[in-house]
Amino acid sequence: MFYLWITTFIWAFSFPIIGYFISGKMDSYFAIFIRVFIAFLVFLPLLNRNIFNKLKLLLILIGSLEIGLMYLFYYNSFRFLSVSEVALFTIFTPFYVSLFYDLFSKKLRAFYLISISISVLGAFIIKQGEISSDFLKGFLLIQAANIVFGAAQSLYKIVCEKYEIKSHKEIFGYFFLGACIVSLIAFLILGDFSKIPSDLNSYLALIYLGLIASSIGYFCWNKGATLVNSGTLALMNNAIIPVAILVNLIFFKVDIDFYNFTLGSLLMIIAAVFHKFYAK
């Protein structure tokens with residue numbers, strides 16, 4: 001849980017940073033590539049080149065899905081949705097995490113869906129509000145991102161359990177290599193080179209997203225995923241929503257509905273307590 005909570009607080013700043021400093025300010029494919037390339041450089045010196053080739057390919061595949069392909073959907077959703085709407089539509093991720101883990105492990109955990117459903121309800125209450133006219137396009141993009149992200153998280157957990165991975169920092173370079181391959185191809189084919197930024201604020205935002213949100217964030221999140229059960233991992237995917245709202249309130253002065261925030265957060269706490277009781 002410690003690693004997952006660290007990532008939750010780190011990623012809480014990513015929603016507003018992408019929404020206010022990246023989306024519409026620069027080419028999204030360029031932003032994705034630079035972000036994951038910075039993270040890849042962080043883990044490159046630690047890379048273990050002696051692991052099985054099959055494991056290398058699996059990690060590259062997981063990275064290409066969890067970060068590369070997921071970001072292609074995620075960043076483009078900001079073209080149609082506000083920051084709050086993007087956060088709202090991520091509430092379905094826990095369902096995908098739990099269901100894909102059950103699929104990969106061939107063991108259905110039906111009761112996990114109860115606590116996850118309560119958590120999703122709480123997240124929805126927190127984030128309910130006006131929906132823009134372009135919501136369907138944005139919704140479908142976010143759901144595609146959620147599905148890919150949820151499946152890749154579960155697959156990483158399964159692979160690490162199968163191969164009994166102990167040192168995650170030695171393999172994480174392959175994870176980001178997969179993300180770099182997908183994002184570079186997307187940038188070269190779909191990117192708008194005229195929208196490469198030249199201002200300092202844009203690059204500071206990219207450096208934060210690369211060094212902190214991506215390298216530290218994904219490392220802690222995926223390592224944490226291997227230390228908890230799939231139900232807890234699913235629930236933690238929604239914990240970021242109330243934290244991100246508080247970040248928006250404190251640092252970006254965005255008004256919130258305190259009643260909905262309190263009620264939704266309470267439901268999410270109930271979901272966590274219920275799940276912990278059931279897991280024991």
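What you see below is based on every heavy atom in this structure, not just the backbone, and it leaves out hydrogens, waters and symmetry mates. Residues take their numbers from the sequence shown, with the count starting at 1.
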| request: Step by step, work out the side-chain contact (heavy atoms from CB on, under 4.5 Å) result for Tyr218 and Trp11. | output: CA-CA 9 Å; Tyr218 279 100; Trp11 284 351; 3.8 Å; yes
| field | Stepwise side-chain contact (heavy atoms from CB on, under 4.5 Å) test for Glu170 and Leu47 | value | CA-CA 5 Å; Glu170 293 182 357; Leu47 202 62; over 6 Å; no
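If you take CD1 on Ile17 and CG on Leu204, they are separated by 10.0 Å, rounding to the nearest 0.5 Å.
The minimum heavy-atom distance linking Ile32 with Ser183 is given by the pair CG2-CB, 3.6 Å.
Residue Val42 is grouped with residue Leu46 when hydrophobic side chains (ILVMFWY) are merged at heavy-atom distances under 4.5 angstrom, including chains of intermediate members. With hydrophobic clusters built from ILVMFWY side chains whose heavy atoms lie under 4.5 angstrom apart, Leu200 does not share a cluster with Ile212.
Between Phe33 and Phe187, the two ring planes are parallel [angle under 30°; tilted spans 30° to 60°]. In this pair, Phe172 and Phe176 present their aromatic rings perpendicular. The plane angle is above 60°, beyond the 30 to 60° band. Tyr74 and Phe78 have perpendicular rings, their planes meeting at more than 60° on a 0 to 90° scale where under 30° would count as parallel.
With contacts defined as side-chain heavy-atom distances shorter than 4.5 Å, the pair Phe37/Ser214 does not qualify.
For CZ of Phe52, the number of neighbouring non-hydrogen atoms (other residues, nucleotides, ligands) closer than 6.0 Å is 12 at most.
In this structure, the side chain of Lys223 does not engage the main chain of Lys169 through any donor-acceptor pair within 3.5 Å.
Between Phe219 and Phe43, a ring centre-to-centre spacing shorter than 6.0 Å is recorded.
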